[in-house]
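It should be emphasised that the depicted structure is a prediction, and the values quoted were computed from it without experimental measurement.
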Amino acid sequence: MANKTISSIAKDLNISRARVYQIIDMLDDNEKPSKDSNDRYVIDDSVVNAIRKYYANSNTKTKQEKASPIDDKVLDIMRHQLDEKDRQIEKLTHYLTSNNNSICLLTVKMRSY
């Protein structure tokens, strides 16, 4: 595979070029790309893989860090409300089934007269 550019990596990951540079700065020294005579990064497959790996891990951590005790409380409230709605649906379903059976019985009785 040919060397990639910062722009192509940014496009592939749907992030800004600045974010790619930030990630490169955060890579271990043995994972960082070398620079050519024009002071531009030479990005080979191993560097692309390191950037992808770092980005995936930082994305996962960010999502996990965003969870808070408030989120847990809201989740508990919503679960409780959902359980209550399930009970209401069950009760109404039973009521409708019972009424439907009564209507069927009345229909049969009316036909017999």
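Contact detail for Thr5 and Ile43: the closest heavy-atom pair is C-CD1, 4.4 Å.
Counting non-hydrogen atoms of other residues, nucleotides and ligands closer than 6.0 Å to CD of Gln88 gives a total above 12. Within 6.0 Å of atom CG in Asp83, more than 12 heavy atoms from other residues, nucleotides or ligands are found, so the atom counts as buried in its surroundings.
Taking Lys53 as the reference, Asn57 meet the side chain to side chain contact (heavy atoms under 4.5 Å, CB included) condition, with sequence neighbours excluded. Under the rule for a side chain to side chain donor-acceptor pair (under 3.5 Å), the partners of Ser46 that lie at least two apart in sequence or sit in another chain are Asp44. Residues that satisfy the salt bridge (charged side-chain N to carboxylate O under 4.0 Å, His left out) test with Asp86, not counting sequence neighbours, are absent from this structure. Scored by the salt bridge (charged side-chain N to carboxylate O under 4.0 Å, His left out) test, Asp39 finds Lys35 as partners (sequence neighbours excluded). Listed by chain and number, the residues in a side chain to side chain donor-acceptor pair (under 3.5 Å) with Glu84 are Arg87 (sequence neighbours excluded). Checked against side chain to side chain contact (heavy atoms under 4.5 Å, CB included), Arg111 has the following partners two or more places apart in sequence or in another chain: Thr107.
We find the CD1-OH distance between Ile15 and Tyr21 to be 12.0 Å, quoted to the nearest 0.5 Å. Here CD of Glu31 is found 12.0 Å from CE of Met26. Values are rounded to the nearest 0.5 Å. To the nearest 0.5 Å, the span separating NE2 on His80 from CG on Leu75 amounts to 14.0 Å.
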Listing, residues 91-99 side-chain donor-acceptor contacts under 3.5 Å, not counting sequence neighbours, or none:
unit_1 : atom_1 : unit_2 : atom_2 : d
Thr93  : OG1    : Ile89  : O      : 2.7
Tyr95  : OH     : Asn99  : ND2    : 3.3
Thr97  : OG1    : Thr93  : O      : 2.8

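Using a 4.5 Å heavy-atom cutoff, the side chains of Ile51 and Leu13 are in contact. Counting heavy atoms from C-beta outward, Ile24 and Ile6 have side chains that approach closer than 4.5 Å.
Under a 4.0 Å N-O distance rule, the pair Lys73/Asp76 does not qualify as a salt bridge.
Two different hydrophobic clusters hold Val42 and Ile23 under the rule that ILVMFWY side chains link at heavy-atom gaps under 4.5 Å.
Without hydrogens or angle criteria, Asp36 side chain to Asn38 main chain gives a donor-acceptor distance under 3.5 Å.
Within the structure, every pair that satisfies the salt bridge (Lys or Arg N to Asp or Glu O under 4.0 Å) test and touches residues 11-26, not counting sequence neighbours, is listed here: Lys4-Asp12, Asp12-Arg52.
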